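Owing to the predicted nature of the structure, the values given are computational and were not obtained by experimental measurement. Each residue takes its place number in the sequence, starting with 1.
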Amino acid sequence: MEEVDNKQVIFKGYIERPPKETDMEIKVSKIKLRAPKGSGAILVKNLYLSCDPFMRGRMRDFQGSYIPPFVPGQALEGFGIYKVIDSENSDFKPGDLFSGLTGWEEYSLICRPQQFRKIQPDNIPLSYHVGLLGMPGFTAYVGFFEVCSPKKGEYVFVSAASGAVGQLVGQLAKLHGCHVVGSAGTSQKVDLIKNKLGFDEAFNYKEELDLDATLKRYFPQGIDIYFDNVGGEMLDAALLNMRINGRIAVCGAVSQQSLSKPQGIHNLFSLIIKSIKMQGFLQHNYLHLYPRFIEHVISYYKQGKIFYIEDMNEGLESAPAALAGLFSGKNVGKQVIRVASE
């Protein structure tokens with residue numbers, strides 16, 4: 001049985017601060033390129049890995065989440081695209097391509113494949129299956145249409161608008177006939193949001209001293225829908241600027257995820273006096289809508305009605321820095337790591 005080197009990104013130990021590159025290390029182990037007989041497992045070659053904010057939560061010693069923490073001394077785990085090398089599972093055939101949870105390593109033995117999806121030839125970049133057509137894209141779709149219940153002509157605000165989720169939310173909102181403003185943390189991202197992604201307006205929140213005043217400037221009539229990816233001060237300011245019967249989709253809180261003592265929200269009284277609906281959500285609770293999402297988004301993409309921006313890092317060695325950089329805004333678009341070619 002062939003045994004080969006297997007480069008891995010190892011998680012060193014739990015943290016209560018923003019992730020650093022040094023919280024992970026590259027190691028080389030050995031792996032047999034066979035799934036154990038009768039195990040129901042699959043052996044895969046990882047091609048692309050997805051950097052996602054939810055991975056920060058798995059770096060804490062906290063068991064109360066929807067997904068367990070990482071195990072110190074073992075490889076990180078996240079969404080990826082992989083090719084099946086060997087299979088003891090009838091749902092997987094050698095040579096097939098899938099997206100799903102996998103290890104941050106060159107080869108993974110997956111004993112219980114989760115949230116996997118077979119990738120069919122579709123003339124779309126393969127890496128998009130962990131971005132535009134993967135968990136981030138589906139999160140944008142169900143968050144906007146199911147949680148926000150948009151109407152044509154409404155005023156929509158999207159934070160982290162150049163990120164993996166936000167960039168698609170804004171484009172879907174424009175296609176739905178809404179007026180859309182996004183926020184980001186650099187002038188380069190603001191330019192992309194307005195000139196590549198087609199938002200009506202965008203601003204650099206790091207250049208604004210008073211976020212309440214900023215939102216009043218961009219939304220003098222108020223906000224109908226706020227798609228919140230950051231939490232913290234931005235959510236607090238948005239609450240003051242919502243219109244009657246406004247909706248807030250709480251998708252993420254990246255500004256708070258690395259704080260041992262997250263900031264409190266001071267303007268929740270706005271929920272009452274303006275009859276605002278504020279709802280958190282997870283994309284896996286809406287998987288029955290995935291076929292509809294794929295149909296719509298692939299059609300929009302092939303018609304040139306939506307674009308998707310990726311930040312591609314080359315090689316598994318780049319993965320620790322790429323993941324850490326996600327929490328300081330270094331990425332421009334969806335952060336992906338190319339581990340190997342097909």
If we only count heavy atoms from C-beta on, is the Leu133 to Arg117 side-chain gap below 4.5 Å? yes
Residue pairs passing the ring-ring contact (aromatic ring centres under 6.0 Å, His included) test where at least one lies in residues 222-247, sequence neighbours excluded: Phe157-Tyr226
Nearest heavy-atom neighbours spanning Leu268 and Met278: CD2-CE, 3.7 Å
Answer yes or no: is there a donor N or O on one side and an acceptor on the other, between the side chain of Asn229 and the main chain of Gly252, under 3.5 Å? no
Are Leu175 and Leu192 linked, directly or through other ILVMFWY residues, by side chains that come within less than 4.5 angstrom of each other? yes
Looking at Ile42, is its backbone amide N or carbonyl O close enough to the side chain of Ser87 to form a donor-acceptor pair, meaning the two atoms are under 3.5 Å apart? no
Could you check whether Ser187 and Asn204, counting side-chain N and O atoms only, form a donor-acceptor pair closer than 3.5 Å? no
Begin from the C-alpha positions of Phe116 and Leu101 and carry the test side chain to side chain contact (heavy atoms under 4.5 Å, CB included) through to its verdict. CA-CA 7 Å; Phe116 64 87; Leu101 288 172; over 6 Å; no
Under the side-chain contact (heavy atoms from CB on, under 4.5 Å) rule, collect the residues that match up with Ser39, sequence neighbours excluded. Pro36, Ala41, Glu88
Check: Phe293 ring centroid to Phe145 ring centroid under 6.0 Å: no
Is the number of heavy atoms from other residues, nucleotides or ligands under 6.0 Å of Lys302 NZ greater than 12? yes
Does Ser99 use its side chain to pair, donor to acceptor, with the backbone of Ile81 at less than 3.5 Å? no
Determine, using the 4.5 Å side-chain heavy-atom cutoff (strictly less than), whether Phe219 and Met242 are members of one ILVMFWY cluster. yes
Would you check if there is a donor-acceptor pair between the side chains of Ser108 and Thr102 at a distance under 3.5 Å? yes
All heavy atoms of Val147 vs all of Ala249, minimum pair found to be CG1-CB, 3.8 Å
Side-chain donor-acceptor pair under 3.5 Å between Thr214 and Glu208, yes or no? yes
Measure from the side-chain N and O atoms of Tyr300 to the backbone N and O of Leu172, and report whether any donor-acceptor pair falls under 3.5 Å. no
Which heavy-atom pair separates Glu105 from Ala75 by the least distance, and what is that distance? OE1-CB, 4.0 Å
Under a 3.5 Å distance rule, please check whether Arg58 uses its side chain to pair with a backbone N or O of Pro68 as donor and acceptor. yes
With side chain to side chain contact (heavy atoms under 4.5 Å, CB included) as the test, would you mind laying out the steps for Ile26 and Lys7 before giving the verdict? CA-CA 7 Å; Ile26 303 294; Lys7 196 178 297 179; 3.6 Å; yes
We want to know whether Glu310 and Ser127 form a side-chain donor-acceptor pair, criterion being a heavy-atom distance below 3.5 angstrom. yes
Between Ser299 and Gln303, do the side chains contain a donor N or O and an acceptor N or O under 3.5 Å apart? yes
Treating Ile, Leu, Val, Met, Phe, Trp and Tyr as nodes and any side-chain heavy-atom pair under 4.5 angstrom as an edge, say whether Val250 and Phe144 lie in one connected cluster. no
Any donor and acceptor pair, going by atom type alone, linking the side chain of Lys274 with main-chain N or O of Gly246 inside 3.5 Å? no
Determine whether a donor-acceptor pair (N or O, by modelled atom type, separation under 3.5 Å) exists between the side chain of Asp236 and the backbone of Asn267. yes
Measuring from atom CZ of Phe92 to atom NZ of Lys83, what distance do you get when rounded to the nearest 0.5 angstrom? 16.0 Å
Is it the case that over 12 heavy atoms from other parts of the model lie below 6.0 angstrom from the NZ atom of Lys277? yes
For residues 324-337, dump all side-chain donor-acceptor pairs below 3.5 Å to protein atoms at least two apart in sequence or in another chain.
unit_1: Ser328; atom_1: OG; unit_2: Gly325; atom_2: O; d: 3.3
unit_1: Asn331; atom_1: ND2; unit_2: Gly333; atom_2: O; d: 2.8
unit_1: Lys334; atom_1: NZ; unit_2: Ser50; atom_2: OG; d: 2.5
unit_1: Lys334; atom_1: NZ; unit_2: Cys51; atom_2: O; d: 3.1
unit_1: Lys334; atom_1: NZ; unit_2: Asp52; atom_2: OD1; d: 2.8
unit_1: Gln335; atom_1: NE2; unit_2: Asp311; atom_2: O; d: 2.9
unit_1: Gln335; atom_1: NE2; unit_2: Asn313; atom_2: OD1; d: 3.0

Could you check if a side-chain atom of Lys30 sits within less than 4.5 angstrom of a side-chain atom of Asn6, using non-hydrogen atoms only? no
Going by heavy atoms in the side chains, are Gln283 and Tyr141 under 4.5 Å from each other? no
Aromatic ring pairing Phe98/Tyr82, orientation class (parallel under 30°, perpendicular over 60°, tilted between): parallel
When you check the side-chain N and O atoms of Asp224 and His179, is any donor under 3.5 Å from an acceptor? no
Over 60° means perpendicular and under 30° means parallel, so classify the ring planes of His288 and Tyr286, tilted if in between. parallel
What are the two closest heavy atoms between Lys93 and Val84, and how far apart are they? O-CB, 3.4 Å
Could you tell me if the ring centre of Phe203 sits under 6.0 Å from that of Tyr218? yes
Under 3.5 Å, is there a donor-acceptor pair between the side chain of Gln167 and the main chain of Ile309? yes
So is Lys196 actually on top of Phe307's ring, under 6.0 Å and inside 45° of the axis? yes
In terms of side-chain heavy atoms, does Tyr48 have a donor or acceptor partner in His129 at a distance below 3.5 Å? no
Check: Leu47 main-chain N/O paired with Arg338 side-chain donor or acceptor under 3.5 Å: no
Could you pull out the closest heavy-atom pair between Ile306 and Leu168, with the gap in Å? CD1-CD1, 4.0 Å
Within the structure provided, determine whether Met59 and Leu323 are in side-chain contact (heavy-atom separation under 4.5 Å). yes
Please assess Asp96 against Lys118 for the test salt bridge (charged side-chain N to carboxylate O under 4.0 Å, His left out), listing each intermediate value before the final yes or no. CA-CA 7 Å; Asp96 285 347; Lys118 187 174 182 179; 3.5 Å; yes
Just do the salt bridge (charged side-chain N to carboxylate O under 4.0 Å, His left out) check on Lys12 and Glu21 with the steps written out, would you? CA-CA 11 Å; Lys12 293 169 69 174; Glu21 188 175 348; over 6 Å; no
Is Val156 reachable from Tyr205 through a run of hydrophobic residues whose side-chain heavy atoms are each under 4.5 Å from the next? no
Where do Ala184 and Lys189 come nearest, in terms of heavy atoms and distance? CB-CB, 3.6 Å
Is there a chain of hydrophobic side chains (I, L, V, M, F, W, Y, each step under 4.5 Å between heavy atoms) that links Leu282 to Val230? yes
Step through it carefully: locate the ring centre of Tyr301, locate the ring centre of Tyr128, and say whether they are under 6.0 Å apart. yes
To the nearest 0.5 Å, atom NZ of Lys27 lies from atom CD of Gln8 at 9.0 Å
Between Asn241 and Lys216, is there a side-chain donor-acceptor contact under 3.5 Å, judged purely by atom types and distance? yes
Test side chain to side chain contact (heavy atoms under 4.5 Å, CB included) applied to Asp122 and Gln120, step by step: CA-CA 6 Å; Asp122 52 19; Gln120 306 291 349; 5.8 Å; no
Any donor-acceptor pair under 3.5 Å from Asp210 side chain to Ala213 backbone: yes
